[in-house]
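Presented below is the structure to which this report refers.
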Amino acid sequence: MTNDELFREAVKASERAYSKYSGFSVGAALLTDDEKLYTGCNIENSSYSLTNCAERTAVFKAVSDGCTKFRAIAVAGSGSGDFSKPCFPCGACLQVLSEFCGDEFTVVLSDGAYKLSDFLPMRFSEESMK
Ligand code: THU
């Protein structure tokens, strides 16, 4: 699957966003090492802080399905239907991704492809506890 195709899957996933409080819909499309696709959307809550981001929804779906090896994620977010502005993954999602993905993991946004290490050059991990 190309980066463009993966980004289009993220835009499609954003249609399922439950984002009645912010009005900002986010979709994520996560590609596993064996080319399986898991999508996710943001799921908001009236308590606000219990909101789950699209990226974490996708990761948790995949891991609960037994997949823990990932190649790339695309993220698309918009409050207007225009997905041209990059929707950067939040810190919590980057930390969750870093549990399963290395520096070279690809993050596809509307303006191109990045590496996980572009966003999180240093990170807390199991190594930090040794
Ligand atoms: N959001 C995501 O789904 N992913 C991110 O990485 C950043 C923010 C969602 C959370 C909330 O529902 C809305 O965007 C506005 O913050």
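Indexing begins at 1, ligand by ligand and atom by atom, following the structure's order.
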What protein heavy atom sits nearest atom 9 (C) of ligand 1, and how far off is it?
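For atom 9 (C) of ligand 1, the nearest protein heavy atom is N42 ND2, 3.6 Å.
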### Message
Would you say that E55 contacts V96 through its side chain, given a criterion of any heavy-atom pair below 4.5 Å between the two side chains?
### Response
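Contact flag for E55/V96 side chains = no.
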Is there a protein heavy atom at a distance of less than 4.0 Å from atom 16 (O) of ligand 1?
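Within 4.0 Å of atom 16 (O) of ligand 1, no protein heavy atoms are found.
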Checklist entry - Polar-atom distance check: A54 versus ligand 1, any N or O pair below 3.5 Å? => result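 Checking ligand 1 against A54, an N or O pair does fall under 3.5 Å apart.
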| said: When you compare ligand 1 with N52, is there at least one nitrogen or oxygen pair between them that comes in under 3.5 angstrom? | reply: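 No, no N or O pair falls under 3.5 Å.
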What distance do M1 atom CE and E35 atom CD have between them, rounded to the nearest 0.5 Å?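 The CE atom of M1 sits 7.5 Å away from the CD atom of E35.
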Ligand 1 versus C53: contacting region, heavy-atom distance under 4.0 Å: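 The answer is both, backbone and side chain.
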- Between F88 and ligand 1, which residue portion shows a heavy-atom distance shorter than 4.0 Å: side chain, backbone, both, or neither?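 Near ligand 1, F88 shows its backbone, while the atoms from C-beta on stay back.
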Which ligand 1 atoms does [X] reach within 4.0 Å, using its non-hydrogen atoms?
X: T51; result: 10 (C), 11 (C), 12 (O)
X: E44; result: 11 (C), 12 (O), 13 (C)
X: P89; result: 6 (O)
X: E55; result: 2 (C), 3 (O), 4 (N), 5 (C), 6 (O)
X: F24; result: 14 (O)
X: C90; result: 5 (C), 6 (O)

**Asked** So, do F105 and F70 have ring centers that fall under 6.0 Å from each other?
**Response**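 No; F70 has its ring centre 6.0 Å or more from that of F105.
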Discussion item. Applying side-chain contact (heavy atoms from CB on, under 4.5 Å) to N45 and N52, what does each step give before you reach the verdict?
Written reply: CA-CA 8 Å; N45 188 276; N52 204 63; over 6 Å; no
Notebook entry, point to check: More than 12 foreign heavy atoms under 6.0 Å from CZ of R71: is that the case here?
Noted result: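 Yes, CZ of R71 has more than 12 neighbouring heavy atoms, counting only those of other groups under 6.0 Å.
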Crowding at NZ, K61 (>12 non-hydrogen neighbours, <6.0 Å)
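Above 12, so yes.
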Q. Shared ILVMFWY cluster between I43 and Y38, side chains joined below 4.5 angstrom?
A.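 I43 does not cluster with Y38.
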- Message: According to a hydrophobic-cluster definition based on side-chain heavy atoms being under 4.5 Å apart (Ile, Leu, Val, Met, Phe, Trp, Tyr only), do V11 and V108 belong together?
- Response: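 Yes, V11 connects to V108 through the hydrophobic network.
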Next on the checklist: Angle between ring planes, Y114 versus F119, binned at 30° and 60°: parallel, tilted or perpendicular?
Outcome noted: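 Aromatic pair Y114/F119 classed tilted.
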Does S19 come within less than 4.0 Å of ligand 1, judged by its heavy atoms?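 Flag not set, S19 not near ligand 1.
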